[in-house]
**Student:** 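I'd like to ask you about the structure that follows.
Sequence lines set the chain letters: A, B, ... in the order given, protein chains first and strands last, and positions in each chain run from 1. Since the structure is predicted, the reported quantities are computational estimates derived from the model, not experimental observations.
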Amino acid sequence: MPIDFKSQLNPAQLEAVMTTDGPVLVVAGAGSGKTRTLVHRLARLVSLGVEPSSILLLTFTRKAATEMLHRAEKLLGMALGGVQGGTFHAFSFATLRRYPQAVGYPGSLTIMDRGDAEDVMGLVMGEKGMGKGDKSFPKKGFVLELIGKSRNKELSIHEVLSRESYQLLPHASALEQLAEGYEDYKRNHGLLDYDDMLFTLERVLVENPELLEALRARHRYIMVDEYQDTNMVQARLVKLLAGDAGNVMAVGDDAQSIYAFRGANVENILSFPRIYEGTRVVRLEQNYRSTQPILDLTNSILSQAKDRFEKNLFTERTEGPLPEIVKAYSDQTQAKLAADRIRELRKRYMACEIAVLFRAGYQSYALELALNKEGIAFQKYGGLRFSEAAHVKDAVAYLRVLHNPRDAVAWKRVLTLVDKIGEKTAMKIAAAVRDNDQALLTAQRKKNPGLEALFAFLEDLRADPGGPASLLDRAVTFYTPTLTHLHPEDFPRRLAGLEQLGQIAATYAHMEQFLADLALENPAEEQKGVREDAVVLSTVHSAKGLEWPAVLLLDLVDDRFPSRHALARPEDLEEERRLLYVACTRAKDELTLFVPGTIYNRAGGGSQPAMPSLFVRELPRALYSELRETFSGSLTAASASLGSSFGTSVGSSSGNCGSVSTSRFETPRRTTSIHAPISEPEARSALASSPSALGDGPLGFCQHRIFGRGKVVARLDDGKCRVNFPGFGMKVILSEYLEMEP
DNA sequence: GCGCCTTAGTTTTTT
DNA sequence: ACTAAGGCGC
């Protein structure tokens, strides 16, 4: 039965689907049916008789690729197993693996994840003796990030430094040497980092015209999702594979570009029509996801952006509640309030229809505890990866040294697990293995029974290798005594993790693919699938492309969202704004933004007052309704119920509450009817009347709801005061929390 | 010289 | 929680 594309798509989507030859750029606003369009085009190509195997679908995650394939299969009623797809990195690695002679690297290759790369950088810095004892020298993680930026943005180290870290310019030449040392080290040990996969594929394609031709013939139709987040080498790879008048469809949204920090270049999508002559540009502007009140809010977020986005999103879903801003006393009570809200939403939604989003992985810790306490199941995306946990890396390292004996990073891991062996000895032994220095190896084995056991174990594995699952199983058995010794408290949890790793390994026949996917694809995440009974917790980055009926957003305060790291440079701040745009546009029906009054900072010495996020302060008051945690006066303020703040004044303080309340959201416009539509000029004037920080003013005495009367010792430039409270000591407090005495 | 323990100072986002 | 550095003991 032929698919009736006309009835299933709007005119713009239809145009994108019906255009099968030549370059097409689909500029797809949030929620405009981008995935639907890609899925239908996939189905259309196949229904026209195109071989699935000649279609290449490049997406941001493998999850996105498989989901699209499944949807297209459902549409077509046939399997599409032949379609090539996945991330740029996975595709590149798979292609390189298929043509090893063209790559020209001898022996097996190991893909390094971030942690491995840091280990290598640590070794290189140690070898060169750089950064030792010099506090001004950047740490290995930073050095690596710098090198990554330099490669991804294709700028010199010096240029990156002068743009974003000029205080490190004195170290420029040392850093350049480290970059070289890092490259050499990888080459000599058969190691590839993420960037290497892209650059190596490009080199191979350029150097081997006949191979390029073969790949062009193989991948006749190319579709690239999230094109705004490709970097320069990715764009060149697409161009190389497509040829001059290639059949490429790029899909993306310049307003949702959120990966500039790793070298994504939004210019790629903007210049696509120039690069591909005869490009047909299709704009998808009708939003099918969100209600009008949510769109009003997200449009407002974008309207403040420095780069103008020609976005004209509209929806037919006019009805819906206003987005809510919930002010909690602290990030601790925020967790409780969010858990309460989730319990309430559970009456109307399935758990999997509710998502909690946040800027950084650690920001959900308090909520995770609260949900555990209340017995609400959740699944977390983003943040620390399963495969980055130390015990997983340890267990996998045994497999890695077997697979690639030159893999010095893995050697260092397995060797330093042995008692009495540290970094130095480990590197000596790894070198001896590489050079086949039997004399040294025998001598070391005689000296250390733990080492003898390790080598005997590895020889045993090598003599009788099995599949990834059986090898891993034996490695875990060998590793378990070390693990229990290392983590007497929580080794059961870690053993359970290794058990899960075993289940993943069982789905792989080849060690190389297993190790590669561990670094590239986060197979643990895919294994868990979507649980209907679990609420989703996710970083905003990991939530990209997804949607939920109800979305909660945590920690909308300065330093958290926008991130502290983004405050220095305007372009970073703009990326944070787009990130918030991405976050809010995930919501279909209900959107709640949480603004805690204080945030806990281990480094900053406990709880600190927090300023509502710049982006929240910019929002016209009419676009949201506001709730605030009521002041109960007890330490268990977390159990306080929510109530509308309208007309509520801050009550008198009674003593010993660990958290504070603010009146920072009171603006002159608070009497505006919250359901009235707002015009652009109104929005602007609402903006102009946003509260401003009280940076200056006389010193003197002040009142604080919790600490009482205190002496203002200094006024700090970020709207905070240093106040000496009798009995409480010196505190740094936002001026808004203080009532000045005349 | 090297391993290992203690302590002080930091935690963004991802392939 | 995790890194880096300093100190102690072999």
Side-chain angles (χ1 to χ4, degrees), chain A residues 58-64 86-93 111-119 121-122 125-126 131-135 137-142 145 148 151-152 192-198 226 229-231 233-234 257-264 357-363 365 381-385 387-390 415-428 448 450 486-487 490 516-522 525 538-544 555 559-567 572 575-576 578-580 582-583 599-605:
Chain A
L58 293 171
T59 54
F60 217 65
T61 62
R62 185 168 65 180
K63 204 169 82 194
T87 64
F88 273 92
H89 294 86
F91 167 74
S92 297
F93 183 67
I111 296 176
M112 297 190 296
D113 66 15
R114 175 61 195 255
D116 301 330
E118 282 193 12
D119 287 349
M121 183 51 71
M125 286 172 80
K132 250 207 179 126
D134 181 354
K135 289 234 169 172
F137 203 87
K139 303 192 202 327
K140 61 185 180 187
F142 185 93
E145 205 164 292
R151 295 182 79 198
N152 280 291
L192 290 179
D193 68 15
Y194 291 126
D195 303 330
D196 288 330
M197 274 174 281
L198 306 178
E226 310 280 15
D229 284 322
T230 54
N231 64 15
V233 64
Q234 287 170 330
S257 152
I258 55 173
Y259 280 95
F261 72 91
R262 71 170 210 212
L357 308 183
F358 32 85
R359 176 70 181 81
Y362 70 90
Q363 285 170 268
Y365 291 164
Y381 296 92
L384 288 181
R385 264 187 188 212
S387 59
E388 280 166 2
L415 288 168
T416 48
L417 286 171
V418 176
D419 207 21
K420 305 258 188 279
I421 292 181
E423 183 174 318
K424 298 282 173 180
T425 313
M427 295 326 292
K428 209 158 70 185
N448 187 327
L486 238 44
H487 303 279
D490 74 339
D517 280 6
L518 228 36
L520 287 175
E521 308 274 12
N522 215 344
E525 203 144 281
S538 175
T539 61
V540 180
H541 282 92
S542 295
K544 185 157 103 146
D555 278 349
D559 285 9
R560 291 277 180 96
F561 204 155
S563 160
R564 175 157 48 89
H565 305 273
L567 300 177
D572 291 343
E575 180 147 310
E576 297 287 305
R578 294 192 296 272
L579 195 57
L580 180 63
V582 168
I599 52 176
Y600 183 75
N601 245 334
R602 195 178 280 263

**Student:** May I ask you to verify if any side-chain N or O of A/R560 is less than 4.0 angstrom from the OP1 or OP2 atom of B/dT12?
**Tutor:**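 For B/dT12, OP1/OP2 do not have a side-chain N/O of A/R560 under 4.0 Å.
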**Student:** Kindly give the heavy-atom pair with the smallest separation between A/H541 and A/R359, and that separation in Å.
**Tutor:**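 The answer is CE1-NH1, 3.7 Å.
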**Student:** The side chain of A/R564 lies closest to which of these nucleotides: B/dT11, B/dT15, B/dT14?
**Tutor:**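 Side chain of A/R564 sits closest to B/dT11.
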**Student:** Within this structure, what is the CZ-to-P distance between A/R385 and B/dT13, rounded to whole angstrom?
**Tutor:**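 Taking CZ of A/R385 and P of B/dT13, I get 13 Å after rounding.
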**Student:** Could you work out which one of B/dT15, B/dT14, C/dT3 sits closest to the side chain of A/T61?
**Tutor:**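 Minimum distance to the A/T61 side chain belongs to B/dT15.
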**Student:** With a non-hydrogen cut-off below 4.0 angstrom, is A/E423 in contact with a base, only sugar-phosphate, or nothing?
**Tutor:**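 It contacts sugar-phosphate atoms only.
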**Student:** Please state whether the phosphate of C/dA4, meaning OP1 or OP2, lies under 4.0 angstrom from any side-chain nitrogen or oxygen of A/K140.
**Tutor:**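 So the side chain of A/K140 is within the cut-off, an N or O lying under 4.0 Å from OP1 or OP2 of C/dA4.
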**Student:** Please check: side-chain N/O of A/T425 versus main-chain N/O of A/I421, any donor-acceptor pairing under 3.5 Å?
**Tutor:**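 Checking the backbone N and O of A/I421 against the side chain of A/T425, no donor-acceptor pair under 3.5 Å is found.
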**Student:** Over all strands shown, is A/Y259 touching base, sugar-phosphate only, or nothing at heavy-atom distances under 4.0 angstrom?
**Tutor:**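 Here A/Y259 touches the backbone only, sparing every base.
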**Student:** Taking only N and O in the side chain of A/T539, is any of them less than 4.0 Å away from OP1 or OP2 of B/dT14?
**Tutor:**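 Indeed, a polar side-chain atom of A/T539 lies that close.
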**Student:** Quick one: which of B/dC4, B/dC2, B/dT15 gets closest to the side chain of A/L520?
**Tutor:**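 Between B/dC4, B/dC2, B/dT15, the one nearest the side chain of A/L520 would be B/dT15.
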**Student:** Can you tell whether the side chains of A/D517 and A/R62 come within less than 4.0 Å, N to carboxylate O?
**Tutor:**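 Yes.
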**Student:** Do side-chain atoms of A/R385 reach the backbone of A/A519 as a donor and acceptor pair under 3.5 angstrom?
**Tutor:**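 The answer is yes, because a donor-acceptor pair under 3.5 Å joins these two groups.
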**Student:** What integer distance in Å separates A/E118:CD from B/dT15:C1'?
**Tutor:**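 Taking CD of A/E118 and C1' of B/dT15, I get 15 Å after rounding.
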**Student:** Separation of A/F358 atom CZ from B/dT12 atom C1', in whole Å?
**Tutor:**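 Whole-Å distance recorded here is 12 Å.
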**Student:** Should the pair A/R151-A/D196 be classified as a salt bridge under the 4.0 Å nitrogen-to-oxygen rule?
**Tutor:**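 Yes, this pair counts.
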**Student:** Please work out if A/G141 contacts a base, only the sugar-phosphate, or nothing of the nucleic acid, heavy-atom cut-off 4.0 Å.
**Tutor:**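 It contacts nothing in the nucleic acid.
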**Student:** Less than 4.0 angstrom between a side-chain N/O of A/S542 and OP1 or OP2 of B/dT13, yes or no?
**Tutor:**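 For B/dT13, neither OP1 nor OP2 has a side-chain N or O of A/S542 closer than 4.0 Å.
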**Student:** Could you state the atom-to-atom distance from NZ of A/K139 to P of C/dA5 in whole Å?
**Tutor:**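 The answer, rounded to whole Å, is 7 Å.
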**Student:** Which nucleotide wins on minimum distance to the side chain of A/T425, given the candidates B/dT15, B/dT12, B/dG3?
**Tutor:**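 When the side chain of A/T425 is considered, B/dG3 is the closest of B/dT15, B/dT12, B/dG3.
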**Student:** When all nucleic acid strands are considered with a 4.0 Å heavy-atom cut-off, which category describes A/R114: base, sugar-phosphate, or nothing?
**Tutor:**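 Since a base atom lies under 4.0 Å of A/R114, the category is base.
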**Student:** Name the nucleic acid region contacted by A/D419, choosing base, sugar-phosphate or nothing; use a 4.0 angstrom heavy-atom cut-off, strictly under.
**Tutor:**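 Counting heavy atoms under 4.0 Å across all strands, the contact made by A/D419 is with sugar-phosphate only.
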**Student:** Is the distance between the ring centroids of A/F93 and A/F91 under 6.0 Å?
**Tutor:**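 Not under 6.0 Å, so no.
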**Student:** Tell me the interatomic distance from A/L417, atom CG, to B/dG3, atom P, rounded to whole angstroms.
**Tutor:**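 A/L417 atom CG is separated from B/dG3 atom P by 14 Å.
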**Student:** Within this structure, what is the CG-to-P distance between A/L384 and B/dT12, rounded to whole angstrom?
**Tutor:**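 These atoms are roughly 11 Å apart.
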**Student:** Whole-Å distance between B/dG3 C1' and A/N448 CG?
**Tutor:**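 So the two atoms are 12 Å apart, to the nearest Å.
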**Student:** Do we count A/H565 as stacking onto B/dT12 if the rule is ring centres under 5.5 Å and planes under 30°?
**Tutor:**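 Per 5.5 Å and 30° rule: yes, stacked.
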**Student:** Need one value for A/I421: base, sugar-phosphate or nothing, where a base atom within 4.0 Å counts as base even if backbone is also close, heavy atoms only.
**Tutor:**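 Sugar-phosphate contact only - A/I421 comes under 4.0 Å of backbone atoms but never of a base.
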**Student:** With the criterion set at under 5.5 Å between ring centres and under 30 degrees between planes, would B/dT13 be stacked on A/F261?
**Tutor:**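 Stacked: ring centres under 5.5 Å, planes under 30°.
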**Student:** Specify the separation, in whole Å, of atom CG of A/D559 and atom P of B/dT12.
**Tutor:**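 Going from CG in A/D559 over to P in B/dT12 covers 12 Å.
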